[in-house]
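Okay, structure first, notes after.
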Amino acid sequence: MTRSLTTRTNTTSRDWQSVLDWVTANRKLIRQVASPYYLHMAADIDDLTQEAVIAAFKAKITCHKKGVPEKFIPYFRVVFKTCCIRLASGIQTVHCLEDYLLPHTISSHEDQPPSQPESLERIELALQVISNRQQEVCLWVLEQPLPVSTPDIARRFNITKRHACRIVSNSIQKISVMKDQ
């Protein structure tokens with residue numbers, strides 16, 4: 001069971017240490033609160049721990065100001081959940097790699113092997129499981145001679161970067177599900 005923190009009036013290293021100890025002792029609660037948002041966060045477990053420490057400190061201050069130390073855990077849940085929602089931008093960052101394009105060399109079309117008919121059939125089959133808009137975006141991406149980024153897609157289709165990333169992410173998800181079946 002989670003334990004509550006005792007509040008003090010001034011911020012000392014002991015305050016921070018008590019918050020760190022509480023976060024360490026309550027990792028399960030932290031994972032439980034963050035789990036619905038984790039796929040959509042651009043954060044790893046260390047980032048979550050740091051956010052949890054900050055949220056716990058904010059909750060501790062709020063409890064102290066309001067004089068209700070027994071409400072620490074509910075306050076912590078609200079503050080930490082808000083942090084998680086802020087970290088979650090509404091997209092699955094795992095599939096959104098526009099800022100991490102690998103360097104490539106420009107090669108002529110003669111260096112590339114001719115398209116295999118089986119590959120084209122697989123692409124056509126994969127495109128059948130996604131919406132018309134997703135097909136339009138995916139076909140444009142596949143036609144490009146060089147890798148494109150989400151900002152490139154957004155400019156081409158006159159949409160936001162976030163929406164472009166969402167289209168690509170949802171397309172990848174649907175195609176992955178179809179491939180797994």
Side-chain angles (χ1 to χ4, degrees), residues 2 23 26-56 58 74 76-109 111-181:
T2 55
V23 168
N26 292 285
R27 288 186 190 272
K28 189 174 181 178
L29 174 67
I30 291 163
R31 283 191 308 268
Q32 178 187 14
V33 173
S35 65
Y37 313 101
Y38 191 72
L39 281 179
H40 304 282
M41 289 184 202
D44 61 6
I45 195 68
D46 293 332
D47 295 329
L48 274 182
T49 302
Q50 291 171 1
E51 289 292 329
V53 169
I54 293 167
K58 287 179 180 178
F76 169 76
R77 283 178 177 267
V78 170
V79 173
F80 186 57
K81 192 177 211 178
T82 304
C83 289
C84 291
I85 291 170
R86 185 178 40 79
L87 286 173
S89 61
I91 56 174
Q92 286 189 326
T93 56
V94 177
H95 299 301
C96 204
L97 302 174
E98 76 272 8
D99 295 329
Y100 306 103
L101 290 176
L102 296 174
H104 59 279
T105 59
I106 299 175
S107 61
S108 66
H109 289 291
D111 296 343
Q112 297 175 354
S115 297
Q116 300 291 334
E118 308 91 43
S119 297
L120 293 175
E121 289 174 13
R122 290 182 70 198
I123 291 171
E124 288 174 6
L125 182 65
L127 290 175
Q128 290 176 0
V129 299
I130 58 178
S131 72
N132 290 339
R133 181 66 161 178
Q134 291 169 333
Q135 286 179 12
E136 183 182 3
V137 171
C138 289
L139 286 171
W140 181 80
V141 168
L142 290 171
E143 290 171 353
Q144 302 311 302
L146 298 174
V148 295
S149 65
T150 304
D152 295 334
I153 296 169
R155 275 190 301 276
R156 168 65 174 84
F157 292 97
N158 198 25
I159 55 178
T160 64
K161 288 190 308 185
R162 183 174 178 173
H163 188 66
C165 195
R166 205 177 284 147
I167 287 173
V168 172
S169 180
N170 289 340
S171 299
I172 291 169
Q173 275 185 319
K174 287 180 181 179
I175 292 170
S176 296
V177 168
M178 187 268 316
K179 187 182 103 176
D180 292 340
Q181 292 178 349

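Values in this document were obtained by computation on a predicted structure and should not be read as measured data.
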I need the [X] [atom1] to [Y] [atom2] distance, nearest 0.5 Å.
{"X": "Q135", "Y": "E124", "atom1": "CD", "atom2": "CD", "result": "10.5 Å"}
{"X": "T150", "Y": "K161", "atom1": "OG1", "atom2": "NZ", "result": "8.5 Å"}
{"X": "I153", "Y": "I159", "atom1": "CD1", "atom2": "CD1", "result": "7.5 Å"}
{"X": "Y37", "Y": "C83", "atom1": "OH", "atom2": "SG", "result": "11.5 Å"}

Listed pairs under 3.5 Å, donor-acceptor, residues 136-146 side chains, sequence neighbours left out:
from	atom 1	to	atom 2	distance (Å)
E136	OE1	R133	NH1	3.4
Q144	NE2	W140	O	2.8

Query raised in the report: A126: what forms a side chain to side chain contact (heavy atoms under 4.5 Å, CB included) with it, not counting sequence neighbours?
Result: I175, M178

Requested in this report: Report the residues that fulfil salt bridge (charged side-chain N to carboxylate O under 4.0 Å, His left out) with R77, sequence neighbours left out, ordered by chain and then residue number.
Outcome: none

Would you say [X] and [Y] make side-chain contact, with heavy atoms under 4.5 Å?
{"X": "D152", "Y": "R155", "value": "yes"}
{"X": "V168", "Y": "C165", "value": "no"}
{"X": "F80", "Y": "L29", "value": "no"}

Query - Sequence neighbours excluded, every pair satisfying salt bridge (charged side-chain N to carboxylate O under 4.0 Å, His left out) that has a member inside residues 28-37 - result: none

Donor-acceptor pairs under 3.5 Å, side chain of residues 49-56 to any protein atom, not counting sequence neighbours: which ones?
from	atom 1	to	atom 2	distance (Å)
T49	OG1	I45	O	2.9
E51	OE1	R86	NH2	3.2

Query raised in the report: With S131, which residues qualify under side chain to side chain donor-acceptor pair (under 3.5 Å), at least two apart?
Result: Q134

